[in-house]
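In what follows, chains carry the letters A, B, and so on, assigned in the order in which the sequence lines appear, proteins first and then strands, with residues in each chain numbered from 1.
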Amino acid sequence: MRYSQLLAPTLREAPAEAQVASHVYLIRAGFIRKLAAGVYSLLPLGMRVVQKIERIVREELSRAGAQEVLLPMVHPAELWQESGRWQAYGPELLRIKDRKGAEFAMSPTAEEAIVDLVRRDVKSFRQLPLCLYQIQDKFRDEMRPRAGLMRGREFIMKDAYSFHTDDQDAAREYQNMFDAYSRIFSRCGLEFRAVEADTGAIGGNQSHEFQVLAASGEDAIVACDQCQYAANVEKAELRRPKVTTAAPVRALEEVHTPGVGSIEAVAGFLGEPLDKFVKTLLFVADGECVVALVRGDRDVNEVKLKAALGVTMLELATDRMVTDVTHAPVGFAGAQGLSIPVYADPEVAALAEGITGANKGDHHVRGFNLGRDVPHAKVVDLRTAAEGDPCARCEDGHYRAFRGIEVGHVFFLGTKYSAPMKCTFLDAQGKETVMPMGCYGIGITRIAAAAIEQNHDGDGIVWPMPIAPFQVEIVAAGKEPDVAETSGALYRELTAAGVDVLLDDRDERPGVKFKDADLIGIPVRVTVGKKGMAEGIVEVKRRRGGDMEKVKIADAAARVRALVAEGMSVGGGARA
RNA sequence: CGGGGCGUAGCGCAGCCUGGUAGCGCGUUCGGUUCGGGACCGAAAAGUCGGAGGUUCGAAUCCUCUCGCCCCGACCA
């Protein structure tokens, strides 16, 4: 490609709306332009990156035995009503009507569509297992799209769905996809980590997220410094405290705490540290009121609480409900004496004498002991894991905290969709059986953003070779005929050899070309200039911190091809 | 959905408080000089001031409503 023909409008200044590196550079370097909130057009450079990522995904999924299909993006409402998600999905599902008033959804994911396809034509165990995937635009009407391609409303996703005769085979495919994903992200040149993730109301513990490590990541993850355990903090298990049930030390004693409701305020008023307090929170879980207890210096992890309760809807109780249940204003609740279910974190059970609300305005109690005062409490892990916590899976490991960008998710679905939608087959005994399923997603456009978060400097993007829009950029630095001839010849030679080359043949000053080259981030840059011509050399430089090397014109193509080969073979850190 | 902020030329911004000819930088076009890290000089094109209504002799500026966008939070396969 000749730069003079390329639509790559670079900007000296970034639009005010861009906050994170990938967003700023994708716009400044002319990869994307915004059409609406969370909705972006891909320009030629952006399209090339997406195509490179897609190619890697297709190669690895094909190698893993999956077959590509293309499902519609517009789904009839009836399909979603059948699975129950027309109601359950909420406002994130963009609903539209056709001219006859019939309702449709813009697909945010395609379980219903794929199940409908498979149930029509797959009837025998002989046709299983089956793993089908598509690469397609998705639309999710996110409350808060942000950071360009990182969290858009419309985005490109690879979604795969597998169908099996039994759970064992589904588990095999889960591992198969896990391995394929590891290869895909490695080949994209990403430093990533597979972490255990929450499975929501679906159950089981078969879910992993693939997280690209980056400070700007939206997800918090922890990883053990000793063993292989790594998990999203929403899910991360915690080692049980050594003291599981502390013996009571003293009787409950009411103390007057006028006007101080929050834990911090009471702690300051009484001069006691936060970890001596018991935080009492009331939740409404599937319509029923429950109490959750964590230590004063901790927060309730609602994902864990939801999992412990086995409910789908969980929200903090209103002030009114708190008053009705505790007969005290918000801020003075205590679990003792309440007749509703109580769930307590192990750290609360380990407190011999805690301080908590007295269920009486302007009063707290000292000497709270869970075992004595709330004997019916269920002790379950309720708090979010943090840096430094002891690992739940090994003896002496501790957690280190990371930020991550979720670029992939593998999931064991079971029969969540296949059962209500009657996706069944006849097994070898002629018995009708529901197919267990798995689903596996990869955010294609998000990979592009994540790669930039992980690979950029103050001058611009530093693309990993495998997903760079071009592998090599030749900068023609000068107007002399021999500069044009040499750069043109090198361009033709490399292109003929199958290298993706961008030749900057624009009528611009060298400084402009260098700045644009750094901004766009092509991994290998060849400068053909007047001075070099006199010596019979060109300059070859890696975008990523490499020194400039002078290479004889005759050797230039070979040297560049070696650098390209080196860049294509370097895998990322597959440290699952 | 709650809190905060912003909509003025393609991009970045000033002007608004205190109403009176719409400005600056970058970019774009033309001419010239330059030519190895975003050149310089000269000329030019380009804006319904997000939209609607109101106040006023007069509104980018004041008031009301509305739409869009960004950030924080909540939420989230």
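Look at NZ on A:Lys513: it is 14 Å from P on B:G37, rounded to the nearest Å. Atoms CD1 (A:Ile27) and C1' (B:G27) sit 16 Å apart, rounded to a whole Å. Rounded to an integer number of Å, the gap from A:Arg146 CZ to B:G4 P is 19 Å. Taking atom CZ of A:Arg85 as the reference point, atom C1' of B:C76 lies 13 Å away to the nearest angstrom. Remark: C1' of B:C71 and NE2 of A:His23 are 13 Å apart, rounded to the nearest angstrom. Between the CD atom of A:Glu508 and the C1' atom of B:C40 there is a distance of 15 Å, given to the nearest Å. Rounded to an integer number of Å, the gap from CG of A:Asp459 to P of B:G38 is 11 Å. Spacing between atom NZ of A:Lys158 and atom C1' of B:A77 amounts to 13 Å, rounded to whole angstrom units.
Residue-to-nucleotide contacts include a donor-acceptor pair under 3.5 Å from the side chain of A:Arg525 to the base of B:G37. Put simply, the side chain of A:Glu13 and the base of B:G25 share a donor and an acceptor less than 3.5 Å apart. Side-chain N/O atoms of A:Arg28 and base N/O atoms of B:G38 include a donor-acceptor pair closer than 3.5 Å.
For A:Glu92, counting side-chain heavy atoms from C-beta on, the closest listed nucleotide (B:A77, B:C76, B:G38) is B:C76. If you check B:G36, B:C75, B:G12 against the side chain of A:Pro15, the one that comes closest is B:G12. Side chain of A:Phe514, nearest nucleotide from B:A77, B:G36, B:C70: B:G36. Closest to the A:Pro510 side chain, of the nucleotides B:G36, B:G38, B:A77, is B:G36. Listed candidates were B:C71, B:C76, B:C35. Nearest to the side chain of A:Arg151 is B:C76. Minimum atom distance to the side chain of A:Lys515 is reached by B:G37, of the listed B:G37, B:A77, B:A39. Each of B:U34, B:C70, B:G36 was ranked by its minimum atom distance to the side chain of A:Ala37; first place goes to B:C70. In the set B:A77, B:G38, B:G36, the nucleotide with an atom closest to the side chain of A:Ala477 is B:G36.
Taking atom C1' in both B:C70 and B:G47, one finds a spacing of 23 Å when rounded to whole Å. On the P atoms, B:U66 is 13 Å away from B:G2, given to the nearest whole Å. Of the P atoms belonging to B:U61 and B:C17, the separation is 9 Å, rounded to the nearest Å. Straight-line distance between the P atoms of B:G38 and B:U21: roughly 40 Å, to the nearest whole Å. Of the P atoms belonging to B:U28 and B:G5, the separation is 36 Å, rounded to the nearest Å. With P as the reference atom, B:C40 and B:A46 are 25 Å apart, rounded to whole Å. Remark: the separation of the C1' atoms in B:G37 and B:G73 is 43 Å, to the nearest Å. If you take atom P in B:C13 and the same atom in B:G20, they sit 24 Å apart, rounded to whole Å.
Nucleic acid contact for A:Glu111: none, since no nucleic acid atom lies under 4.0 Å from a heavy atom of the residue. Residue A:Ala36 is classed as a sugar-phosphate contact, given heavy-atom separations below 4.0 Å to backbone atoms only. A:Asp516 comes within 4.0 angstrom of a nucleotide base, judged by non-hydrogen atoms across all strands. Nucleic acid contact for A:Glu406: base, since at least one base atom lies under 4.0 Å from a heavy atom of the residue. Within the 4.0 angstrom heavy-atom criterion, base atoms lie near A:Lys479. Among the atoms of the strands shown, base atoms are found under 4.0 Å from some heavy atom of A:Glu539.
Within the cation-pi definition used here (under 6.0 Å to the ring centroid, within 45° of the axis), A:Arg95 does not qualify as a partner of A:Trp80.
Ring centroids of A:His208 and A:Phe178 are separated by less than 6.0 Å, placing the two rings close together. Within the 6.0 Å centre-distance limit, the rings of A:Phe185 and A:Phe210 are counted as a close aromatic pair.
At a threshold of 4.0 Å, the pair A:Asp482-A:Lys530 does not count as salt-bridged, since none of the basic side-chain nitrogens sits closer than that to a carboxylate oxygen.
Take the nearest nucleotide of RNA chain B for A:Arg153 and for A:Tyr440: the residue whose nucleotide is more 5' is A:Arg153. Along RNA chain B, the nucleotide nearest A:Gly532 and the nucleotide nearest A:Ala16 are compared for position; the residue whose nucleotide lies closer to the 5' end is A:Ala16.
Applying the Watson-Crick and G-U wobble criteria (two distances, each under 3.5 Å), B:G31 pairs with B:C41. Pair assignment for B:G47 gives none, since no Watson-Crick or G-U wobble pairing has each distance under 3.5 Å. Across every strand in view, B:G12 sits in a pair with B:C24 that passes the Watson-Crick or G-U test at under 3.5 angstrom. Shown here, B:U61 forms no base pair; nothing in the strands shown gives a Watson-Crick or G-U wobble contact with both key distances under 3.5 Å. Across all strands shown, B:C76 forms no Watson-Crick or G-U wobble pair with both distances under 3.5 Å. Applying the Watson-Crick and G-U wobble criteria (two distances, each under 3.5 Å), B:G36 pairs with nothing in any strand.
Taking the six-membered ring where tryptophan is involved, the planes of A:Tyr440 and A:Tyr181 are perpendicular, since the angle between them exceeds 60° and thus also 30°.
Expressed to the nearest 0.5 Å, how far CD of A:Glu539 lies from CE of A:Met548 amounts to 4.0 Å.
Under 3.5 Å, the side chains of A:Glu453 and A:His456 contain no donor-acceptor pair of N or O atoms. In this model, a donor atom of one side chain and an acceptor atom of the other lie less than 3.5 Å apart for A:Tyr40 and A:His23.
Residues A:Thr445 and A:Val50 have side chains in contact (heavy-atom distance under 4.5 Å, counting atoms from C-beta outward).
Between B:G27 and A:Arg12, a contact under 4.0 Å exists linking OP1 or OP2 to a side-chain N or O. In this structure, A:Arg144 does not reach the B:C75 phosphate: none of its side-chain N or O atoms is under 4.0 Å from OP1 or OP2.
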